[in-house]
Amino acid sequence: MESELAEILAPYEEKKGVLIPVLQQVQEKLGYISEEAISQIAKTLKLSGSDIFGVASFYTQFRFVKPGEHTVKICLGTACHVRGGEQILNTVKSYLSIDTGETTKDGKFSLERVACLGCCALSPVIVVDEVVHSKMNPLKTANLLSSYYQGGGDEV
Amino acid sequence: MKFEETKKKAIEEWESTTQKKVCIRVGTATCGRSSGALDVLKAINDELSRQNIDANVMEVGCLGLCYIEPMIDIYKPGHSRVIYANVTPDLMPQLIEDYLLRNNPRPDLALGTIGEGNIEGIPRFSELPMIKPQVRLVLKNCGHIDPVNINHYIANGGFGGLIKALKMKPEEIIEEVKKSGLRGRGGAGFPTGTKWGFCRSAEGVEKYIICNADEGDPGAFMNRSLLEGDPYLVLEGMVIGAYAIGATEGYIYTRAEYPLAIKRLEVALDRMREHGFLGEDILGSGFSFDMRIKQGAGAFVCGEETALMYSIEGKRGMPRPRPPFPATSGVWGKPSNINNVESWADVARILDQGADWYASFGTERSRGTKTFSLAGNVKRTGLIEVPLGIPLRQIIYDIGGGIVGDKEFKGVQSGGPSGGTIPAKLIDTLVDYEHLAEVGSIMGSGGLIVMDEDSCMVDMAHYFLDFVQKESCGKCVAGRVGTSQMMNILERIIQGEGQPGDVEKLESLANTLLATGLCALGGTAPNPVLTTIRYFREEYEAHINERRCPAKRCTALTSYYILPDKCEGCGICLRDCPAEAIQGGKRMVHIIDQSKCIKCGTCFDVCPPRFNAVVKVSGEKVEVPPEPVPVKASKKE
Ligand SMILES: Cc1cc2nc3c(=O)[nH]c(=O)nc-3n(C[C@H](O)[C@H](O)[C@H](O)COP(=O)(O)O)c2cc1C
Ligand code: FES
């Protein structure tokens with residue numbers, strides 16, 4: 001872990017105004033911002049751990065728990081809301097028995113909400129592992145999720 | 001001249017790519033991609049190589065008809081371009097064979113033609129109802145050029161504005177921008193030239209310019225589309241602005257949710273450096289300037305200029321009181337000038353074509369054009385650009401084609417969470433800064449969300465306030481306490497627990513917040529609440545007094561039932577219910593377990609129309625058996 005992050009952090013040593021890009025790269029590498037990561041960033045950038053947590057927790061992009069194997073993001077932007085994003089979110093919550101910000105017990109899925117992915121014209125949209133699924137509805141969403149349990153998933 | 005030479009070469013490349021042989025354009029902006037454009041692209045390439053056809057395949061930005069993506073267009077020398085919409089990978093071999101090998105342009109599949117010459121049976125693209133009322137000044141290249149190919153940009157008049165600007169005095173440029181009447185496209189509509197003047201005359205050697213590409217309005221995508229479809233236009237505007245203002249460095253602040261836009265900007269910046277449009281001594285003018293991308297990390301409030309500047313510095317993006325204005329103290333405490341993506345693009349067009357040309361579009365006080373993202377319950381969703389002052393009706397019915405499923409139009413939200421809802425009865429409102437303000441909304445950055453009879457206005461107010469509250473930085477009391485008190489009231493209203501007097505309480509809290517919010521986030525947060533109360537008070541009253549949601553939207557007040565005399569026990573809803581809330585069996589009347597129902601509406605949607613057994617009700621109770629009973633034999637005949 002130390003060495004994993006060392007590579008990311010090295011170019012930023014004691015630079016100013018770089019915290020957000022550093023956090024973004026760490027999250028890309030680890031999938032989340034772990035406690036150890038925070039203390040390592042603190043050392044490199046000569047900031048306090050609470051400063052870093054303060055900044056990281058301000059921005060919705062950063063998460064502090066390990067994500068599941070697949071990440072489901074439900075868009076709750078205005079266009080998606082108007083066309084039933086909330087219903088899709090409720091469906092996923094009920095289907096996976098988790099709330100947003102959580103991961104299923106089997107570690108298969110984590111669930112997040114986002115505010116607009118810029119595909120509003122195709123609303124409602126959801127994203128599973130960076131693949132955007134447009135013009136969704138609760139039924140299509142449930143079928144999509146169940147396909148991951150049947151060994152498919154990637155092809156859908 | 002050096003630029004003349006560059007331009008000559010660029011035109012040669014453009015012509016040889018797009019005119020000398022078959023050229024197939026594939027729209028691969030975000031909308032296209034999420035509809036499968038990359039698979040279509042691959043299918044085209046596969047088929048061309050299988051058939052050994054010599055053709056250029058080009059990825060382009062968005063033509064704006066997002067609702068029928070993926071779109072491609074095929075050009076054959078000597079003919080106009082033919083656009084095909086809603087295409088699939090499977091269709092490609094047939095289409096390529098029909099048009100390229102057998103000379104049949106397939107009018108049955110075509111949407112329209114672009115360029116010289118007509119093709120029988122296919123309308124002209126510019127005559128399509130969605131396109132005809134539009135005036136595409138900043139979107140002119142989107143969907144036509146390869147967005148990252150600098151030669152395509154140059155061949156289509158790109159950098160013409162910059163070349164002119166570098167021969168002018170900075171003050172003359174500022175005068176030209178003032179004369180054009182351009183007002184900021186990011187929301188507030190402040191005159192761009194005037195703002196530049198402040199920063200130009202501010203003391204300081206180091207100055208910054210910033211492009212606000214945060215596009216925080218959840219439900220808007222104009223800036224994304226423009227950056228994905230024609231990044232150079234925005235960047236050219238920024239170089240012009242930097243020269244006029246005397247800036248040394250620039251930032252493009254964009255959301256991390258826009259990876260494709262970021263990628264295209266990165267390539268565009270590199271190309272501009274290679275070609276001398278950026279860096280030391282730009283085009284031999286003695287002026288040096290460079291810029292870089294800063295990624296946001298998902299916080300609506302960071303679209304506000306002072307918060308955005310803190311975020312660039314790597315801090316929490318919290319707005320601060322102004323003055324001092326960014327023009328005197330912005331990023332790193334230096335004079336800074338911030339403009340929206342579209343404002344910068346407008347500048348490039350203005351310098352190229354002249355202030356008078358630009359000012360000839362739009363109205364007296366709202367000059368020029370504006371891009372809007374049209375979404376929600378409208379038939380033709382997408383990215384549009386219209387002259388300011390156009391009637392709202394024309395946008396919704398002519399361009400947008402009216403309401404999906406021919407339901408009733410209820411209202412449209414403009415300006416995002418800081419804006420307001422314009423009700424159906426005001427559909428003849430003219431879309432410009434003044435008229436939108438008059439009806440209680442704002443222009444905002446250009447999000448237009450159309451709502452039909454199924455949208456509940458209390459729910460919308462709750463939605464926006466919830467959004468703003470989650471995004472409020474918590475710095476000012478108004479933002480923190482004001483929004484949360486309003487939230488509590490709205491929450492209980494949509495839960496069916498509203499109390500008499502709640503509407504009045506909301507109004508009074510909203511007015512306090514309007515007066516005392518620290519930044520425009522807090523100060524404009526009440527707008528959606530106030531406009532929905534103003535135009536849809538009776539909906540609030542129904543929730544409070546009758547425990548009823550007239551639009552049957554609020555889940556706590558809405559229920560689904562299966563009518564026992566209509567249900568045939570076919571099992572479709574039972575199978576499809578994602579919450580497993582339906583009980584029943586073959587030829588047994590199905591029952592919804594209300595305690596498990598998540599009100600997703602799937603049963604309502606999947607019940608075969610010939611049975612039509614599922615109803616959605618609010619404020620009434622439907623008698624159903626307590627558990628599944630056999631379908632009555634009498635119904636069988
Ligand atoms: C809460 C809030 C969010 C904002 N979000 C954006 C945004 O996403 N994009 C934008 O260009 N301006 C946004 N603005 C407006 C900016 O503060 C600023 O006025 C604008 O970028 C100036 O550019 P313009 O003069 O070209 O419009 C926002 C303002 C507020 C108060
Ligand atoms: S509102 Fe969902 S993509 Fe924009």
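What you see is a predicted model; the values in this text were computed from it and never measured. Letters A, B, ... mirror the listed sequences (proteins, then strands); counts begin at 1.
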Heavy-atom pairs under 4.5 Å with chain B are the metric here; pick the option from A:A115, A:S134, A:A142, A:P124 that has the most.
A:A115

B:Q295 portion near chain A, given a 4.5 angstrom heavy-atom threshold:
both

Quick one, A:Y12 with A:Q25, criterion side chain to side chain donor-acceptor pair (under 3.5 Å). Give me CA distance, side-chain angles, the key distance, then yes/no.
CA-CA 11 Å; A:Y12 291 105; A:Q25 286 184 37; 2.8 Å; yes

Chain A contacts, top residue of B:D459, B:L374, B:V450, B:N223 (heavy-atom pairs, under 4.5 Å)
B:D459

Quick check on A:A79 against chain B: is it the side chain, the backbone, both or neither that has a heavy atom closer than 4.5 Å?
both

Checking side-chain polar atoms at under 3.5 Å, does B:S414 have a donor or acceptor matched by the opposite partner on B:S441?
yes

Check whether B:I598 gets within reach of chain A through its side chain, its backbone, both or neither, counting any heavy atom under 4.5 Å.
both

Please flag which part of A:S94 lies under 4.5 Å from any non-hydrogen atom of chain B: side chain, backbone, both or neither.
side chain

Less than 4.5 Å to any heavy atom of chain A: does that hold for the side chain of B:I312, its backbone, both, or neither?
backbone

Pair B:T30-B:E228, side chain to side chain donor-acceptor pair (under 3.5 Å): steps then yes or no
CA-CA 8 Å; B:T30 296; B:E228 286 176 359; 2.5 Å; yes

Test item: B:T558 and B:K616 side chains (from C-beta on) under 4.5 Å apart, heavy atoms:
yes

Counting only heavy atoms closer than 4.5 Å, note whether A:K135 contacts chain B via side chain, backbone, both or neither.
side chain

Answer with yes or no whether the side chains of A:T100 and A:E112 bring together a donor and an acceptor at under 3.5 Å.
no

Taking the basic N atoms (NZ, or NE/NH1/NH2) and the acidic carboxylate oxygens, is any pair closer than 4.0 Å for B:E69 and B:R33?
no

Going by heavy atoms in the side chains, are A:I126 and A:T141 under 4.5 Å from each other?
yes

Tell me, out of A:V22, A:V127, A:L76, A:I88, who's got the most heavy-atom pairs with chain B below 4.5 Å.
A:L76

Less than 4.5 Å to any heavy atom of chain A: does that hold for the side chain of B:K294, its backbone, both, or neither?
side chain

Top of B:P417, B:A375, B:G376 for chain A proximity - count of heavy-atom pairs under 4.5 angstrom:
B:G376

Between A:C119, A:C75, A:P138, which has the largest tally of heavy atom pairs under 4.5 Å with chain B?
A:P138

Picking from B:R553, B:M460, B:K599, which has the most non-hydrogen pairs under 4.5 angstrom with chain A?
B:R553

Does any backbone or side-chain atom of A:N90 lie under 4.5 Å from a heavy atom of chain B? Answer side chain, backbone, both or neither.
both

Does any backbone or side-chain atom of B:S373 lie under 4.5 Å from a heavy atom of chain A? Answer side chain, backbone, both or neither.
neither

For the residue pair B:Y258 and B:E215, confirm or rule out a side-chain donor-acceptor distance under 3.5 Å.
yes

Could you walk me through whether A:Y148 and A:D129 satisfy the side chain to side chain donor-acceptor pair (under 3.5 Å) test, starting with their C-alpha distance in whole Å, then the side-chain angles of each, then the deciding distance to 0.1 Å, before giving a yes or no?
CA-CA 12 Å; A:Y148 282 83; A:D129 303 333; 4.8 Å; no

Give, as side chain, backbone, both or neither, the part of B:C577 having an atom under 4.5 angstrom from any heavy atom of chain A.
neither

Heavy atoms from other residues, nucleotides or ligands near CD of B:E580 exceed 12 (cutoff 6.0 Å)
no

Chain A shares the most heavy-atom pairs under 4.5 Å, among B:S311, B:G314, B:P218, with B:P218

Looking at B:K552 and B:D454, is any side-chain nitrogen of the basic one under 4.0 Å from a carboxylate oxygen of the acidic one?
no

Applying a strict 4.5 Å limit to non-hydrogen atoms, the region of B:A29 in contact with chain A is neither

